[in-house]
Amino acid sequence: MTRPLAVGVAGLGTVGAGVLSLLRQNSDIVSARAGRGIAVTAVSSRDRTRDRGISLEGLRWYDDPTALANDPAIDVVVETIGGSEGPARALIQAALAAGKPVVTANKALLAVHGAELAELAAKSGAPLAFEAAVAGGIPAIKAIREGLAGNRITRVTGILNGTCNYILTQMRERGREFAEALSEAQKLGYAEADPTFDVDGIDAAHKLAILAALAFGRPVDFDAVHVEGIRQISALDIRLAEELGYRIKLLGIASCSENGVETRVHPCMVPASHPVATVDGVFNAVVAEGDHVGRVVLVGRGAGAGPTASAVVSDLIDIARGRHTPVWGAESFSAVPSIGMERHSGAYYLRLMVVDRPGVIADVTGALRDAGISLESMLQRGRSPGEAVPVVLTTHEAREGAMREAIARISALDAVLESPALIRIESP
């Protein structure tokens, strides 16, 4: 009888406790699929007294998480502490240096230090698995790294942050402004007390950097990701998007062409008929496009104890079975350059609040014309002479740099009362 795989879990928050719970509740299924039992035998967390809703009796407890890496009775280390520095990084470095397999849900650490950790894993021959780091319970990592391994992937797009997706859904369905929708998300536990990483797009950018590295066979490069959040999205823009046949989503978009790799996170106008437009609430979506498979769409829960623990345990089963692939899916990397956001081309939504008086629209369209930008449509609801009215313009494909130049000129017009709202139009 093969002895059970002994697991040490560092971090007993939502995800860590969820891993213990799943392994106990589904021990028969896990054992059958892993070919042996998988059991947590040791843990590390800062607070020994907190009730986590699951018994910790009989488990060895370490105050210092790096001690898990040095315990000879532990076969695999699971890191659910979080953060790109500090104890999480020290633990994973120590475990890999000791030749011990690691499973992590830490997208920030992988996005920032993924190249270094992959080198450590390669030197020691120890697996570094991270299915839980992107899109929670959706098997996005395995789909791209393994399921689509025979394809040349040209594009990966996703709704990668459930907090932002929930807020935008509430704004659309209930007509709420951003601050009100955020407050509700915090009360329900969908948003942190400090929501910066989520609503400013940083969390989604960490995940996109990981997906881009896997999809395009290049070193992970978080610094190359253009990042914008959703704080500036208004209920008015949500309503106007609906009128135009779009829904606003925070998307992570990575694309590869002969010119290089473009990685960006920002709000997008998505056609209402597109599958991604209907992914609401806390759900995530990942869309990959391969040269032979075409488009693959994965949708599911992107966070929470159950979905994330599901992804962690899938990695543990792989390790128990001896299934091991290179961290970033390839033995060597391509030298594809990154493309800066200023070189992006696409269609745009531009919403202005202007004084309703003769000549204003001519001044606005003149600024766009001088920047070489062609209009597709214009929308103005009602007349209110001398008062502020919204004017919406959508463009044909234009360069980002030209659009920024035009916006600077438009913002300087005395009839434009606030900074223009700019949202890119995408068809994922």
Side-chain angles (χ1 to χ4, degrees), residues 9-23 25 52-54 78-84 88 103-111 129-144 156-171 181-211 222 227 229-230 249-252 265 267 276 278-287 297-316:
V9 176
L12 289 176
T14 300
V15 177
V19 170
L20 268 70
S21 178
L22 190 157
L23 286 172
Q25 291 179 21
R52 296 169 172 87
I54 187 169
V78 172
E79 183 275 309
T80 62
I81 300 169
S84 62
V103 176
T104 180
N106 195 331
K107 63 267 184 180
L109 181 62
L110 289 164
F130 50 94
E131 184 62 62
V134 177
I138 302 174
I141 302 299
K142 285 184 172 64
I144 291 173
V156 179
T157 308
I159 294 173
L160 301 174
N161 184 274
T163 299
C164 288
N165 205 39
Y166 176 83
I167 290 170
L168 292 172
T169 300
Q170 290 299 301
M171 291 175 71
L182 170 60
S183 178
E184 180 178 332
Q186 289 171 319
K187 289 175 185 175
L188 293 173
Y190 294 147
E192 303 288 343
D194 179 359
T196 301
F197 263 51
D198 291 320
V199 301
D200 289 343
I202 300 167
D203 174 78
H206 285 146
K207 297 169 184 174
L208 185 69
I210 293 169
L211 291 176
F222 174 68
V227 188
I230 64 169
K249 298 290 184 182
L250 182 75
L251 296 185
V265 170
V276 165
T278 63
V279 177
D280 286 334
V282 295
F283 280 73
N284 281 195
V286 176
V287 181
V297 181
L298 303 170
V299 177
R301 294 190 177 274
T308 311
S310 169
V312 168
V313 172
S314 77
D315 282 337
L316 289 173

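- Residues meeting the salt bridge (Lys or Arg N to Asp or Glu O under 4.0 Å) test with Asp203, sequence neighbours left out: Lys107, Lys207.
- Under the 4.5 Å side-chain criterion, counting only non-hydrogen atoms from C-beta, Pro195 is in contact with Leu182.
- Put simply, the side chain of Thr169 gets close to the backbone of Gly281: a donor and an acceptor are under 3.5 Å apart.
- With rounding to the nearest 0.5 angstrom, the OH atom of Tyr166 is 11.5 Å from the CG atom of Asp280.
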- request: Decide side chain to side chain contact (heavy atoms under 4.5 Å, CB included) for Thr157 and Val276; before the verdict, give the C-alpha distance in whole Å, the side-chain angles of both, and the deciding distance to 0.1 Å.
  value: CA-CA 9 Å; Thr157 308; Val276 165; 5.9 Å; no

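- Test Ile159, Asn284, Val297 against Val279 for side chain to side chain contact (heavy atoms under 4.5 Å, CB included) and you get one pass: Ile159.
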task: Under the side chain to side chain contact (heavy atoms under 4.5 Å, CB included) rule, what do Ile210 and Leu208 come out as? Steps first, then yes or no, please.
output: CA-CA 5 Å; Ile210 293 169; Leu208 185 69; over 6 Å; no

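- Within 6.0 Å of CZ in Arg301 there are 12 or fewer heavy atoms belonging to other residues, nucleotides or ligands.
- In this structure, CE on Met171 lies 8.5 Å from CD1 on Ile167, to the nearest 0.5 angstrom.
- Here the side chains of Val156 and Ile144 are in contact, with some heavy-atom distance below 4.5 Å.
- Rounded to the nearest 0.5 angstrom, Ser310 OG and Ile138 CD1 are separated by 11.0 Å.
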message: With side chain to side chain contact (heavy atoms under 4.5 Å, CB included) as the criterion, how do Val9 and Leu12 come out once you've worked through the C-alpha distance, each side chain's angles and the decisive distance to 0.1 Å?
response: CA-CA 7 Å; Val9 176; Leu12 289 176; 4.3 Å; yes

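- Minimum interatomic distance between Phe283 and Asn165 (heavy atoms only, all atoms of both residues): O-ND2, 3.2 Å.
- Note that CG of Asp198 and CG of Leu160 are 12.0 Å apart. Values are rounded to the nearest 0.5 Å.
- For the pair Ala193 and Gln186, the tightest heavy-atom approach, listed with the atom from each and the gap, is O-NE2, 3.3 Å.
- Checked by atom type and distance alone, the side chain of Ser21 never pairs as donor or acceptor with a backbone atom of Gly18 at under 3.5 Å.
- Listed here is the closest heavy atom pair of Ala209 and Ala111: CB-CB, 4.3 Å.
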- request: Show your working on side chain to side chain contact (heavy atoms under 4.5 Å, CB included) between Glu131 and Lys142 and close with a plain yes or no.
  value: CA-CA 7 Å; Glu131 184 62 62; Lys142 285 184 172 64; 3.1 Å; yes

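- Of all non-hydrogen atoms in Ala311 and Gly136, the two that sit nearest each other are CB-O, 3.4 Å.
- Val199 pairs in a side chain to side chain contact (heavy atoms under 4.5 Å, CB included) with only one of the listed residues (Leu250, Asn161, Ile230), which is Ile230.
- Atoms CD and CD1, on Glu79 and Ile81 in that order, are 5.0 Å from each other to the nearest 0.5 Å.
- Atom SG of Cys164 and atom NZ of Lys249 lie 11.0 Å apart (nearest 0.5 Å).
- Residues Phe222 and Ala205 share a closest heavy-atom pair of CE1-CB, 3.6 Å.
- Between the side chains of Asn106 and Thr104, no donor-acceptor pair is found at a separation under 3.5 Å.
- Considering all non-hydrogen atoms of both residues, Tyr190 and Thr163 come closest at O-OG1, 2.5 Å.
- The closest donor-acceptor contact from the side chain of Thr14 to the backbone of Ala305 lies at 3.5 Å or more, if one exists at all.
- At least one donor-acceptor pair closer than 3.5 Å links the side chain of Thr308 to the backbone N or O of Gly304.
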